Amino acid sequence: DDEYLFCLHTHGVTITERTTPVLMLVVVLLLSFAHIPSDVKHRSLKRSHTMTAFGSLLVVALIDSIARNSIFQTAIGLSMVAAVGCVYWFLHKKSPRSLGFGDVLLVLPLSFALAWSDVLLIPIWQLAASFSGAIHALASRLRSDSRSIPFAPHLLTASSLILAINIWIQ
């Protein structure tokens, strides 16, 4: 079938070119379901959920790397984790009240999943999350004079939508 440029059949499981991006989207969606209610209500993120998701994404990527006999996409993903993680860590150190350490950890699996799919998705994700966060902050400020909003829902929603759209258009 022309739709599947890459197909590996192992032990009754067929891995196609779309398998890894879809699995990564599923992990990000599960992380969203775990984090968004908690961050909205309690302004806290469970590090164990974030690190489990990151570990799951790494396993998916490594299996894909072995199947394709290429570690290139995984290496790109990890380099973007380092870059985005450093930027968020710096922002957290400059203003820990405005960007929590949970958000710093959260960008690790999200940036990995996005960069693994296409490194150009990172700036789109950051713009989408920042724009929706700014609209939320403005609405919150006008409505209740609140000066802070949970940012994780914006990071998670933007990454989920971008991953899904990227899968759809490929």
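Computed from a predicted model, the values in this text were never measured in an experiment. Atoms considered below: every heavy atom in the structure, side chains included; atoms not considered: hydrogens, waters and symmetry mates.
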Among residues at least two apart in sequence or on other chains, which ones pass side-chain contact (heavy atoms from CB on, under 4.5 Å) with [X]?
X: Val87; value: Leu91
X: Val119; value: Ile76, Met80
X: Ile165; value: Ile169
X: Phe101; value: Arg47, Trp89, His92, Val104, Leu105

For [X], which residues count as a side-chain hydrogen bond (donor to acceptor under 3.5 Å, both in side chains) partner, sequence neighbours excluded?
X: Asp103; value: none
X: Ser148; value: Arg43
X: Ser95; value: Ser98
X: Thr74; value: Ser65

Supply the atom-to-atom distance [X] [atom1] to [Y] [atom2], rounded to the nearest 0.5 angstrom.
X: Asn166; Y: Leu25; atom1: CG; atom2: CG; answer: 10.0 Å
X: Ser159; Y: Ile124; atom1: OG; atom2: CD1; answer: 13.0 Å
X: Ile167; Y: Met24; atom1: CD1; atom2: CE; answer: 10.0 Å
X: Gln73; Y: Asp64; atom1: CD; atom2: CG; answer: 6.5 Å
X: Thr20; Y: Ile63; atom1: OG1; atom2: CD1; answer: 8.5 Å
X: Leu127; Y: Ile122; atom1: CG; atom2: CD1; answer: 11.5 Å

Tell me whether [X] shares a hydrophobic cluster with [Y], the cluster being built from Ile, Leu, Val, Met, Phe, Trp, Tyr side chains joined at under 4.5 Å.
X: Phe54; Y: Val59; result: no
X: Phe131; Y: Leu142; result: no
X: Val40; Y: Leu106; result: yes
X: Phe72; Y: Leu58; result: yes
X: Val27; Y: Met51; result: yes

Between Thr50, Leu30, Leu155, which is the residue that forms a side-chain contact (heavy atoms from CB on, under 4.5 Å) with His35?
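The residue from Thr50, Leu30, Leu155 that satisfies side-chain contact (heavy atoms from CB on, under 4.5 Å) with His35 turns out to be Thr50.
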Which other residues belong to the hydrophobic cluster containing Ile149, where Ile, Leu, Val, Met, Phe, Trp and Tyr are joined when side-chain heavy atoms lie under 4.5 Å apart, directly or via other members?
none
Linking Ile, Leu, Val, Met, Phe, Trp and Tyr by side-chain heavy atoms under 4.5 Å, what else ends up with Leu161?
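Besides Leu161, the hydrophobic cluster comprises nothing; the residue is isolated.
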Grab the two heavy atoms, one from [X] and one from [Y], that are nearest each other, plus how far apart they are.
X: Ile162; Y: Ala128; answer: CD1-CB, 4.4 Å
X: Ser38; Y: Ser44; answer: OG-O, 2.8 Å
X: Pro150; Y: Asp39; answer: CB-OD2, 3.1 Å

Scan the side chains in residues 107-117 for donor-acceptor partners under 3.5 Å anywhere in the protein, sequence neighbours excluded, and list what turns up.
from	atom 1	to	atom 2	distance (Å)
Ser111	OG	Val107	O	2.6
Ser111	OG	Leu108	O	3.2
Ser117	OG	Ala113	O	3.3

With side chain to side chain contact (heavy atoms under 4.5 Å, CB included) as the criterion, how do Thr157 and Ile36 come out once you've worked through the C-alpha distance, each side chain's angles and the decisive distance to 0.1 Å?
CA-CA 9 Å; Thr157 303; Ile36 290 176; 3.9 Å; yes
ring-ring contact (aromatic ring centres under 6.0 Å, His included) contacts in which one or both residues fall within residues 142-162, not counting sequence neighbours
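As it turns out, the ring-ring contact (aromatic ring centres under 6.0 Å, His included) pairs with a partner in residues 142-162, which skip direct neighbours, are His136-His154.
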Could you walk me through whether Ile66 and Ile71 pass the side chain to side chain contact (heavy atoms under 4.5 Å, CB included) test, one step at a time?
CA-CA 8 Å; Ile66 291 166; Ile71 197 152; over 6 Å; no
Name the orientation class of the two ring planes belonging to Trp125 and Tyr88 (parallel below 30°, tilted from 30 to 60°, perpendicular beyond 60°).
parallel
Considering only heavy atoms from C-beta outward, does the side chain of Leu99 approach that of Lys94 to under 4.5 Å?
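Sidechains of Lys94 and Leu99: no contact.
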